[in-house]
Amino acid sequence: MQLVPAIAARVASVTVYQRSAQWARPVKGYSDPISDGARWLLAHLPFYVQWYRFNMFWRYGDGLLPFLRKDPAWPHPERAVNKGNDRHRQELTDFILTELKDRPDLIEKCVPTYPPYGKRILLDNNWFKTLTRGNVELVTDTIDHFDEGGIVTADGKHRPADIIVVATGFKVTEMAARLNISGRDGKDLRQAWANDNPTAFLGLTVPGFPNFFCMLGPNSGPAHGGSVIFQSECQSRYISACLADMVDQDLAAVDVRQDVLDDYVRKVDAEHETMIWTHPGMSTYYRNASGRVFSAMPWRFVDYWRMTHDPDLGQYRLTKA
């Protein structure tokens, strides 16, 4: 979605092989430079920068979360999870219909069948307009195989290609497990996170791995908007506070207790059952093969800030220096 609009006007033709349609949100002025007047306010008006940051962070973060919570009484779960979410769906659908008004052949390919925000929401950068160009083809048939001259889809059609760009993501479930990390008694993180099911207390630390902290680990990904930088700040504060407490208490090592992690994972899973990412039939990289949401955070950012602000070493197994 980032690549195609950037190259479409500079190449003879582009063929897009789309696995699934995505909701894309128009954000007016998203790429506009900050005006001189706004720069002056940010630099000189007391508390303006704090208000500006809060306004942006709330609107595109915790303010959105209520629209992603399942309403058991909502009569149309096949298209949305609640009334507000359905309104978002209508707005986003209207945007697609407006962008593709001259290309009805593209509409069925481009309107998603799942509730908005069920997958990671995207920001439109002239994606739909680009698809209407005469030198762009959108293919939704499954790719069967590559050959020496291009790509063959399941219907047997061969499309030649000079260059093939593979944009299929990466192995999200591995996280830090791919780094050959071992813990107490030779315990392997790859084994602890087997079956594509990584878990960590607060997304940060794992039983049996003393002094191991992972940034942006399991169930700490900001899926409802917000900022990955904010998450990193919360986590780095928590880690630093743990280190300070270890120095004060003359500790050589800490690792979270298994019962603490188990209780945390139960709460995470229970919260996710109320959220859009466990919507029936929802396919997203936030979930593993068994359907568990292992990546996304179900909490508000203000909740996670509170949870990580002050560590409690009573939740840890402590090893004296």
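- Within 6.0 Å of the CZ atom in Arg120, the count of heavy atoms belonging to other residues, nucleotides or ligands does not exceed 12.
- Side-chain contact of Thr15 with Arg159: a donor-acceptor pair under 3.5 Å is absent, judged by distance alone.
- Placement of Met307 and Val256 within a single hydrophobic cluster is found when ILVMFWY residues are connected by side-chain heavy-atom separations under 4.5 Å, directly or transitively.
- When ring centroids are compared, His88 and Phe67 come within the 6.0 Å threshold.
- Salt-bridge annotation for Lys320 and Asp250: absent, with no side-chain N of the basic residue lying under 4.0 Å from a carboxylate O of the acidic one.
- Looking only at atom types and distance, the side chain of Thr153 has no donor-acceptor partner in the side chain of Asp141 under 3.5 Å away.
- The salt bridge (Lys or Arg N to Asp or Glu O under 4.0 Å) check on Lys187 picks up nothing, with sequence neighbours excluded.
- Salt bridge Asp105/Arg103: present, at least one basic N to carboxylate O contact under 4.0 Å.
- With no hydrogens or angles considered, a side-chain donor-acceptor pair links Asp262 and Gln258 at under 3.5 Å.
- When all heavy atoms of Pro311 and Asp245 are compared, the closest pair comes out as CG-OD2, 4.0 Å.
- Using a cutoff of 4.0 Å between basic side-chain nitrogens and carboxylate oxygens, Asp303 and Arg306 are scored as salt-bridged.
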Tabulate below the donor-acceptor pairs under 3.5 Å that side-chain atoms of residues 50-60 make, not counting sequence neighbours, or state none.
none

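- Leu97 and Tyr114 end up in the same hydrophobic cluster when Ile, Leu, Val, Met, Phe, Trp and Tyr side chains are linked at under 4.5 Å.
- Remark: aromatic rings of Trp74 and His76 are close, center separation under 6.0 Å.
- Look at Glu91 and Arg25 and you find no salt bridge, because none of the NZ, NE, NH1 or NH2 atoms lies under 4.0 Å from a carboxylate O.
- When hydrophobic clusters are built by joining Ile, Leu, Val, Met, Phe, Trp and Tyr residues whose side-chain heavy atoms come closer than 4.5 Å, directly or via intermediates, Val260 is not grouped with Trp193.
- Asp71 has no carboxylate O lying under 4.0 Å from a charged side-chain N of Lys83, or vice versa, which leaves the two without a salt bridge.
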Tabulate below the donor-acceptor pairs under 3.5 Å that side-chain atoms of residues 201-224 make, not counting sequence neighbours, or state none.
from, atom 1, to, atom 2, distance (Å)
Thr205, OG1, Phe212, O, 3.1
Asn211, OD1, Val254, N, 2.9
Asn211, ND2, Ala252, O, 3.0
Asn219, OD1, Arg292, NH2, 3.2
Asn219, ND2, Val293, O, 3.0
Asn219, ND2, Ala296, O, 3.0
Ser220, OG, Gly217, N, 3.1
Ser220, OG, Gly217, O, 2.8
Ser220, OG, Gln235, NE2, 3.2
His224, NE2, Asp62, OD1, 2.9

